[in-house]
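Reviewing the structure listed below.
The structure displayed is predicted, hence computed values, not measured ones.
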Amino acid sequence: MDHGLPERVATLVEWIVADSVEGLRGGSAPFAPHLMLLDDRPRPEDRTLQHTRFGPDLAEGLEQARATVGPTTPATAYAIAWDGYAAVGGERSDAVLVEVGTADEPDAWLLAQPYGTVTRRFRGSRVERRGDLLVVDRTGSRLGVVPG
């Protein structure tokens, strides 16, 4: 589903959601907040990805992740993921929540990827994504210009 996300942001979202779901499959629910930063090297092919986990306390870890990203952070894009809930079809669902933004866009996206445990015959249960990635809100990018 196309949400109008720039390609590098869509890729970051896919990576951080996949990592979060894999962690949930490993039994670490709720998972600790984590951050992915794409550095600001001039040539895209030279850029590297930094992945940092915070926590294990959800509120404290999320505060630390958010405090790590600001206008002076040498990055072109960021994604912060944490375990939470989203309304899907009028019902509350477990979800990987992701805030993702870039240095060249004034707005960031708050997204939710619903997930749940699926019981499979003869193979036990497994955490799986449920449905499409949802756009929850637009907010200011943490990499935005420093007010002057």
Side-chain angles (χ1 to χ4, degrees), residues 1-26 28-118 126-148:
M1 177 178 262
D2 178 24
H3 298 313
L5 299 173
E7 184 178 341
R8 71 182 178 279
V9 172
T11 301
L12 269 180
V13 170
E14 179 54 34
W15 288 343
I16 205 161
V17 168
D19 184 78
S20 299
V21 170
E22 193 58 38
L24 288 163
R25 287 179 182 155
S28 58
F31 61 87
H34 52 125
L35 165 70
M36 288 186 176
L37 283 174
L38 187 60
D39 72 31
D40 64 352
R41 291 184 183 149
R43 296 178 355 147
E45 62 271 17
D46 293 337
R47 292 182 183 148
T48 59
L49 185 69
Q50 175 187 347
H51 188 187
T52 307
R53 295 189 188 282
F54 299 89
D57 178 76
L58 177 64
E60 184 178 308
L62 187 54
E63 183 178 322
Q64 290 171 341
R66 288 175 172 158
T68 300
V69 183
T72 60
T73 303
T76 60
Y78 72 96
I80 301 170
W82 65 98
D83 201 4
Y85 301 99
V88 179
E91 294 191 24
R92 183 170 129 160
S93 173
D94 289 312
V96 175
L97 300 176
V98 179
E99 177 188 326
V100 62
T102 68
D104 57 357
E105 289 269 338
D107 289 335
W109 291 261
L110 178 56
L111 308 164
Q113 174 60 66
Y115 71 85
T117 303
V118 176
R126 179 179 164 136
V127 172
E128 298 286 344
R129 296 179 193 199
R130 288 195 169 159
D132 293 325
L133 187 66
L134 307 170
V135 175
V136 177
D137 198 6
R138 294 291 304 262
T139 183
S141 174
R142 294 180 189 281
L143 294 175
V145 179
V146 179

Can you find a heavy atom in the side chain of Val127 that is under 4.5 Å from one in the side chain of Arg25?
yes

Is the backbone of Gly116 close enough, under 3.5 Å, to the side chain of Asp94 for a donor and an acceptor to pair up by distance?
no

Least distance between heavy atoms, Ser20 atom then Ile16 atom
OG-O, 2.8 Å

Can you give me the closest heavy-atom contact between Asp107 and Arg138, atom names plus distance?
CB-NH2, 3.1 Å

Which of these, Val100, Val13, Leu12, sits in a side chain to side chain contact (heavy atoms under 4.5 Å, CB included) with Met36?
Leu12

Taking atom CZ of Arg53 and atom CG of Asp19, what is their separation to the nearest 0.5 Å?
4.5 Å

Measure the spacing between OG1 of Thr52 and CZ of Phe54 and express it to the nearest 0.5 Å.
5.0 Å

Side-chain heavy-atom pair Val135, Asp137 within 4.5 angstrom cut-off:
no

Hey, are the side chains of Asp83 and Tyr115 touching, using non-hydrogen atoms and a 4.5 Å cut-off?
yes

Flag side-chain contact, heavy atom, 4.5 Å: Ile80 against Leu97:
no

Show me the donor-acceptor pairs, under 3.5 Å and distance only, between side chains in residues 60-69 and residues at least two apart or in other chains.
| residue | atom | partner | partner atom | Å |
| --- | --- | --- | --- | --- |
| Thr68 | OG1 | Gln64 | O | 2.8 |

List the steps and the verdict of salt bridge (Lys or Arg N to Asp or Glu O under 4.0 Å) for Arg47 and Glu45.
CA-CA 6 Å; Arg47 292 182 183 148; Glu45 62 271 17; over 6 Å; no

For a quick check under 3.5 Å, do Thr76 and Asp40 share a side-chain donor-acceptor pair by atom type?
no

Which heavy atom of Leu134 sits nearest a heavy atom of Ala87, and at what distance?
CD1-O, 4.2 Å

Could you list the residues that satisfy side-chain contact (heavy atoms from CB on, under 4.5 Å) with Arg129, not counting sequence neighbours?
Glu14, Val17, Ala18, Val21, Gln113

With rounding to the nearest 0.5 Å, note down the distance linking OH in Tyr78 to OG1 in Thr73.
10.0 Å

Quick one about Tyr85 and Arg92 (side-chain donor to acceptor, distance below 3.5 Å, no hydrogens or angles considered), yes or no?
yes

If I compare all heavy atoms of Ala75 with all of Leu143, which pair ends up nearest, and what's the gap?
O-CD1, 3.8 Å

Leu37 CG to Arg142 CZ distance, which is reported to the nearest 0.5 Å
12.0 Å

Could you walk me through whether Leu111 and Glu99 satisfy the side-chain contact (heavy atoms from CB on, under 4.5 Å) test, starting with their C-alpha distance in whole Å, then the side-chain angles of each, then the deciding distance to 0.1 Å, before giving a yes or no?
CA-CA 6 Å; Leu111 308 164; Glu99 177 188 326; over 6 Å; no

Nearest atoms (heavy-atom pairs only) where Val88 meets Pro114
CG2-CG, 3.6 Å

Measuring from atom CH2 of Trp109 to atom CG of Leu5, what distance do you get when rounded to the nearest 0.5 angstrom?
5.5 Å

Give, for atom CG of Leu110 and atom OG1 of Thr139, the distance between the pair rounded to the nearest 0.5 Å.
8.0 Å

Write down the atom of Ala108, the atom of Gly101, and the distance for their closest heavy-atom approach.
CB-CA, 4.0 Å

Whether the Asp104 and Thr102 side chains hold a donor-acceptor pair (N or O, under 3.5 Å, no angle test) is what I'd like checked.
yes

